[in-house]
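Within every chain, numbering begins at 1; the chains are lettered A, B, ... in the order of the sequence lines, protein sequences first and strands thereafter. Remember, predicted model here, so these are calculated numbers, not experimental data.
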2 protein chains.
Amino acid sequence: MGDRLSERSRHILEAIIEDYIATAEPVGSRTITRRHGISLSPATVRNVMADLEEMGLLVSPHTSAGRVPTEKAYRLYVDSLLEVRGIAPEERDMIGRQCNIAGRDVGSVLKETSRMLSCLSRYTGVVVAPRFTTNMFRQIEFVKLGGRRVLAILVSRSGVVQNKIIESDEEMGTDDLVRMANYLNDLLAGLTIAEVRNRIREEMLTEKARYDAMLARALRLSEQTFAGGEGGDASGLFIEGQANILSQPEFSDIDRMREVFHAFEEKGQLLELLDRCVNAEGVQIFIGSETHLHQMSGMSLITSTYMTGRDTVGVLGVIGPTRMGYGKVIPIVDYTAKLVSRLLEME
Amino acid sequence: MGDRLSERSRHILEAIIEDYIATAEPVGSRTITRRHGISLSPATVRNVMADLEEMGLLVSPHTSAGRVPTEKAYRLYVDSLLEVRGIAPEERDMIGRQCNIAGRDVGSVLKETSRMLSCLSRYTGVVVAPRFTTNMFRQIEFVKLGGRRVLAILVSRSGVVQNKIIESDEEMGTDDLVRMANYLNDLLAGLTIAEVRNRIREEMLTEKARYDAMLARALRLSEQTFAGGEGGDASGLFIEGQANILSQPEFSDIDRMREVFHAFEEKGQLLELLDRCVNAEGVQIFIGSETHLHQMSGMSLITSTYMTGRDTVGVLGVIGPTRMGYGKVIPIVDYTAKLVSRLLEME
DNA sequence: GGTTAGCACTCGTTTGTGGCGAGTGCTAAC
DNA sequence: GTTAGCACTCGCCACAAACGAGTGCTAACC
């Protein structure tokens with residue numbers, strides 16, 4: 001009854017988990033013996049199962065049902081039982097085929113990636129664009145709209161475009177706007193967006209700005225451009241294939257499902273969770289409550305990071321039930337992340 | 001038994017529809033008499049109901065249940081029974097509060113509008129951005145990315161921004177790109193995006209273009225920029241509040257719901273339907289099968305058009321069950337469309 | 001001592017039955 | 001034309017019985 005698992009117990013546990021992943025039904029001792037490799041009697045298996053239950057790796061929904069793996073069991077499974085196969089060739093081909101960037105914008109590529117993740121995994125795909133603020137500044141342009149409205153267009157080093165409509169104090173000519181943009185492009189070259197904000201504030205305090213009206217105006221305009229974070233729409237979270245989770249038997253409960261969809265619509269908390277993944281390199285796995293999101297209970301998240309430049313990093317992954325085909329999904333996420341990195345190399 | 005409805009029948013039908021909208025339960029003769037204004041015995045009401053059923057305005061799910069309105073009944077209801085009240089002041093305020101455009105981009109405003117529609121109606125909000133191709137050209141800019149990649153940024157008259165990464169044949173300097181953009185901005189001023197495409201093709205055939213390498217390059221670059229329609233991500237359809245339809249009792253059937261969500265994810269067919277609304281001015285209503293989308297059976301759509309300029313027109317609206325609160329939703333859609341038009345006036 | 005056959009037991013699921021009640025259609029009286 | 005009365009239909013619910021998958025325990029086996 002030690003905490004160490006015997007080879008046999010591990011084997012049985014693995015069989016149970018894989019059976020449960022495949023069928024979504026509690027697994028009985030009988031079923032296991034019929035399955036591959038295990039030539040023991042049901043009674044023996046039952047003994048082992050009782051042990052596993054005591055260790056907190058299995059639970060039975062009720063006395064006369066089979067056993068179901070706990071989160072702890074899944075954790076053990078992905079950490080030491082599961083050996084990840086490489087990605088299937090046909091999957092690799094499909095990912096490759098999706099990926100040509102010419103004629104598209106970064107946003108649409110990321111959205112398409114999310115869709116592809118959902119399509120291959122049969123769960124829900126998520127892609128988070130790199131935080132705009134950690135991006136390098138590349139270029140700013142101003143376009144005159146009607147009246148005092150000016151459209152500011154911001155391009156980051158990694159080719160992500162943001163635009164904002166700005167209500168300026170006074171009407172400005174097209175020439176003025178071009179000159180301002182040139183000035184700002186010089187001033188802000190090579191900074192991150194976060195640094196840009198500080199730089200603008202500093203610059204506003206200089207003598208030069210105080211006496212040159214045009215300069216002051218340029219700075220005021222840019223201040224508004226860089227104000228207020230990511231800006232609405234560009235929350236940069238692409239969730240695709242939500243409908244896939246409707247097929248999962250664990251979500252036949254309508255209230256449960258509403259909760260999940262609400263979490264998807266809110267995006268805020270999910271984004272927070274995914275943002276935390278930025279720091280860890282490589283594939284990360286959150287099982288059930290490990291996400292610390294109660295709306296996501298019963299769900300797992302597999303993520304990996306991708307890069308669009310030396311140090312601009314985004315996150316992509318797959319959300320599915322804890323009873324997820326980890327062995328299949330992990331290589332998909334891994335390979336996709338690497339491919340997207342290659343694709344968006346922009347420096 | 002004439003096809004003409006008596007005043008009394010109309011009154012009863014209206015009561016049935018409104019009761020059913022409120023409760024989602026088949027309505028019995030008894031219930032009706034208890035409701036407002038009708039002081040007849042249940043037996044009389046039953047006679048009337050039998051007539052209405054024969055006219056195809058009501059059906060009963062089974063013999064001992066009440067009656068349920070048919071699509072035909074809803075159509076009659078919105079056409080001649082329902083008198084649309086103005087929008088409630090608190091709703092108007094909420095819409096007004098959402099709407100400031102400064103510091104945001106057109107896309108995020110539209111997305112927010114969709115969210116607001118869903119929030120007020122408690123159904124699902126949809127907003128279609130104006131077709132990019134019917135938009136007037138305002139400005140083009142090129143930004144040099146790494147290697148031979150160029151980022152093309154396209155601004156339409158109405159302030160909508162599109163960007164595309166282009167793989168050019170040869171590496172180009174920043175100065176070249178600026179010069180090209182200037183040339184193209186002159187060339188294409190005042191055309192619609194659709195006209196722009198033809199103009200580029202014409203221009204490529206002129207003597208001038210044949211002997212001026214820079215010009216030819218500019219044209220090739222712009223050709224790629226304008227190729228291939230709306231470009232991926234910017235399908236320009238914003239659907240928000242999908243989770244709201246989960247609360248509707250008619251979608252307690254999980255398969256039914258999966259179908260609806262699939263339709264939302266595909267977007268293609270829905271977009272087609274909404275595109276057709278562009279031509280009709282004012283509020284339009286599609287009830288059930290009138291949408292001609294079988295995935296949308298049992299659902300209704302209320303739309304209105306909005307403008308972002310003299311002749312760039314988009315569509316917004318609400319999707320809900322046929323058993324929708326038409327009286328409440330119609331003014332919301334109407335008012336929102338007018339407000340968005342005012343907000344996005346850009347000329 | 002680990003393994004296994006046998007067996008009583010548990011408990012969710014399915015099936016069947018009867019009563020209840022909402023609602024109808026019909027008929028006859030007002 | 002309207003209404004009361006009444007028999008009838010049919011979904012829904014509660015309860016009970018039969019079923020069966022699966023368990024835990026015990027005793028025998030190698």
Side-chain angles (χ1 to χ4, degrees), chain A residues 1-2 4-13 15-17 19-20 22-35 37-70 73 249-250 252-253, chain B residues 1-2 4-13 15-17 19-20 22-35 37-70 73 249-250 252-253:
Chain A
M1 228 139 285
R4 206 66 229 124
L5 281 173
S6 73
E7 188 56 40
R8 192 176 67 177
S9 307
R10 294 157 65 91
H11 199 197
I12 289 178
L13 180 61
I16 293 173
I17 292 175
D19 199 79
Y20 186 67
T23 64
E25 305 268 293
V27 193
S29 53
R30 185 88 200 235
T31 322
I32 286 305
T33 60
R34 274 199 294 261
R35 270 182 68 80
I38 293 159
S39 50
L40 294 167
S41 76
T44 312
V45 173
R46 276 204 292 278
N47 289 331
V48 176
M49 283 166 117
D51 294 350
L52 292 171
E53 181 159 6
E54 198 165 0
M55 290 184 210
L57 293 167
L58 297 177
V59 284
S60 42
H62 55 88
T63 45
S64 78
R67 280 356 192 263
V68 169
T70 62
E250 36 264 90
S252 52
D253 175 26
Chain B
M1 227 140 290
R4 207 64 230 127
L5 282 174
S6 72
E7 188 55 41
R8 192 177 66 177
S9 309
R10 293 158 65 90
H11 199 195
I12 289 178
L13 180 61
I16 293 174
I17 292 175
D19 200 78
Y20 185 67
T23 64
E25 305 269 292
V27 193
S29 52
R30 185 90 199 232
T31 323
I32 287 306
T33 60
R34 275 199 296 262
R35 270 183 69 78
I38 294 159
S39 50
L40 293 167
S41 76
T44 312
V45 172
R46 276 204 291 278
N47 290 331
V48 176
M49 282 167 116
D51 294 350
L52 293 171
E53 181 158 5
E54 197 164 2
M55 289 184 210
L57 293 167
L58 297 178
V59 282
S60 43
H62 55 89
T63 44
S64 77
R67 284 345 195 272
V68 169
T70 63
E250 37 264 271
S252 52
D253 176 26

Between [atom2] of [N] and [atom1] of [X], the distance in whole Å:
X	N	atom1	atom2	result
A:Leu58	D:dG24	CG	P	11 Å
A:Glu53	D:dG22	CD	C1'	13 Å
A:Met49	C:dT3	CE	C1'	17 Å
A:Arg30	C:dC7	CZ	P	15 Å
A:Arg46	C:dA8	CZ	P	15 Å
A:Ile38	C:dT4	CD1	P	12 Å
B:Asp51	C:dG25	CG	P	11 Å
B:Arg67	C:dG23	CZ	P	11 Å

Any side-chain heavy atom of [X] sitting closer than 4.5 Å to one from [Y]?
X	Y	result
B:Thr44	B:Arg8	yes
B:Glu25	B:Thr31	no
B:Leu58	B:Leu13	yes
B:Asp51	B:Asn47	no

**Complete:** In Watson-Crick or G-U wobble terms, with both distances under 3.5 Å, the base opposite D:dC30 is C:dG1
**Asked** Paired with C:dA29: which nucleotide, if any, by Watson-Crick or G-U wobble criteria at under 3.5 Å for both distances?
**Response** D:dT2
**Fill in**
The residue among A:Thr70, A:Leu57, A:Val59 that forms side-chain contact (heavy atoms from CB on, under 4.5 Å) with A:Leu52 is A:Leu57
Could you tell me whether the phosphate oxygens of [N], OP1 or OP2, come under 4.0 Å of any side-chain nitrogen or oxygen in [X]?
X	N	result
B:Ser41	D:dT2	no
B:Ser29	C:dG23	no
A:Ser64	C:dT10	no

Let's see if you can work this out: which of [options] has an atom nearest to the side-chain heavy atoms of [X]?
X	options	result
A:His62	C:dT24, D:dG11, C:dC11	C:dC11
A:Asn47	C:dG2, D:dT23, C:dT4	C:dT4
A:Leu40	C:dT10, C:dT4, C:dC26	C:dT4

**Residue closer to the 5' end of DNA chain D, B:Arg8 versus B:Pro61 (nearest nucleotide)** =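 Between the two, 5'-proximity favours B:Arg8.
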**Message:** Counting the atoms with a prime plus P, OP1 and OP2 as sugar-phosphate, which does A:Thr63 contact under 4.0 Å by heavy atoms, base, sugar-phosphate, or nothing?
**Reply:** sugar-phosphate
**Asked** Just checking A:Ser60: base, sugar-phosphate only, or nothing, at a heavy-atom cut-off of under 4.0 Å?
**Response** nothing
**Message:** I want to confirm an ordering. Mapping B:Ala43 and B:Ala65 to their closest nucleotides on DNA chain C, which one lands closer to the 5' end?
**Reply:**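 The answer here is B:Ala65.
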